[in-house]
**Q** 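Structure provided below as structure tokens; questions to follow.
As the structure lists them, so they are numbered: ligands from 1, and atoms in each ligand from 1. Note: hydrogens, waters and symmetry copies are ignored here, and every other heavy atom, side chains too, is used.
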Amino acid sequence: MGSIRENLLLVEKNIDAACARAGRPREDVTLIAVSKTKPVSDLREAMACGCTVFGENKVQELRDKTAEITEPLHWHMIGHLQANKVKYLPGMVDLIHSVDNEKLAQEIEKQAAKHDLVMDVLCEVNMAHEDTKFGLTPEDTPAFVKKLQELPHLRVRGLMTIAPYTEDAETNRPYFRGLKELMVQINRDLPEDRQMSVLSMGMTGDYEVAIEEGATLVRVGTGIFGERNYQIS
Ligand SMILES: *Cc1c(COP(=O)(O)O)cnc(C)c1O
């Protein structure tokens, strides 16, 4: 691995190339720098290279980092979320990627209403039906999305998936393609002003394939910041 600057240049180059291969404009894809477990100094280095969107997977870490870094940035909650932590998120994050149960959705609705705002969310889908992962099954997702439409302070912008860990990104292509197809299918039953357009899919090992299959948000951690050291986190 190189420096954060070198890593970012490489990731940017790969995103450009994947967009070109797919015939997609570069502006269609937003890079989320996944900074979990990394020190604020690393985030500042990424900011100096132009990163403005950061992804974290723990509410406490989000609170600590947003308290320390007060520059205007976009923060995304990408990790599994417990309902009792939702109260900290209104006004702090632009998007919650990991909504996968009704209790959580109801709590987001409640807290957003309290702050008189509408919170953007994605539904997390477990495309590969992995026992170890959170998320709805693809089969349960359409009914869940329709249910969330009833909550006035919550807006479902799209779908998110964490594909299986693999050495060969190609093996995840069907899951990315499937997530896009699922979004298109669900959109058919949604009114014009409720159409979903966001696909959060692709991590360090497979973001290029995900872009080829329609990702609009890619979540890259290791590829930018290097390996995570959980002991010091
Ligand atoms: C950690 C994490 C990532 C980034 O993973 P890398 O393989 O380091 O790029 C992406 N998405 C989620 C939900 C994560 O928790």
**Q** We want to know whether Glu181 and Gln185 form a side-chain donor-acceptor pair, criterion being a heavy-atom distance below 3.5 angstrom.
**A** no

**Q** Out of all atoms in ligand 1, which are within 4.0 Å of some heavy atom of Val220? Include the element for each.
**A** 9 (O)

**Q** Relative to the heavy atoms of Arg219, which atoms of ligand 1 are at a distance of less than 4.0 Å?
**A** 4 (C), 9 (O), 10 (C), 11 (N), 12 (C), 13 (C)

**Q** Quick one: does Met160 get an N or O within less than 3.5 Å of an N or O on ligand 1?
**A** no

**Q** Using a strict threshold of under 4.0 Å (side-chain N to carboxylate O), is an ion pair present between Glu68 and Lys65?
**A** no

**Q** Would you call Glu12 and Arg26 a salt bridge, taking side-chain N to carboxylate O under 4.0 Å as the test?
**A** yes

**Q** Not counting sequence neighbours, list each pair that qualifies as a salt bridge (charged side-chain N to carboxylate O under 4.0 Å, His left out) and has a residue in residues 121-138.
**A** Glu130-Lys133

**Q** Got a salt bridge between Glu213 and Arg173, using NZ or NE/NH1/NH2 to carboxylate O under 4.0 Å?
**A** yes

**Q** Regarding atom 12 (C) of ligand 1: of the candidates Val34, Ile78, Thr204, which has the closest heavy atom?
**A** Ile78

**Q** Which of the atoms of ligand 1 are close to Thr222, meaning less than 4.0 Å from one of its heavy atoms?
**A** 6 (P), 7 (O), 8 (O), 9 (O)

**Q** If you count the atoms of ligand 1 from 1 in the order shown, which ones are under 4.0 Å from a heavy atom of Ile162?
**A** 13 (C)

**Q** So if I count the atoms of ligand 1 from 1 in the order they appear, which ones are less than 4.0 Å from some heavy atom of Gly221?
**A** 4 (C), 6 (P), 8 (O), 9 (O)

**Q** Do any N or O atoms from the side chain of Asp100 and from the backbone of Gly135 form a donor-acceptor pair under 3.5 angstrom?
**A** yes

**Q** Compare Arg228, Lys36, His76 and give the one whose heavy atom is closest to atom 2 (C) of ligand 1.
**A** Lys36

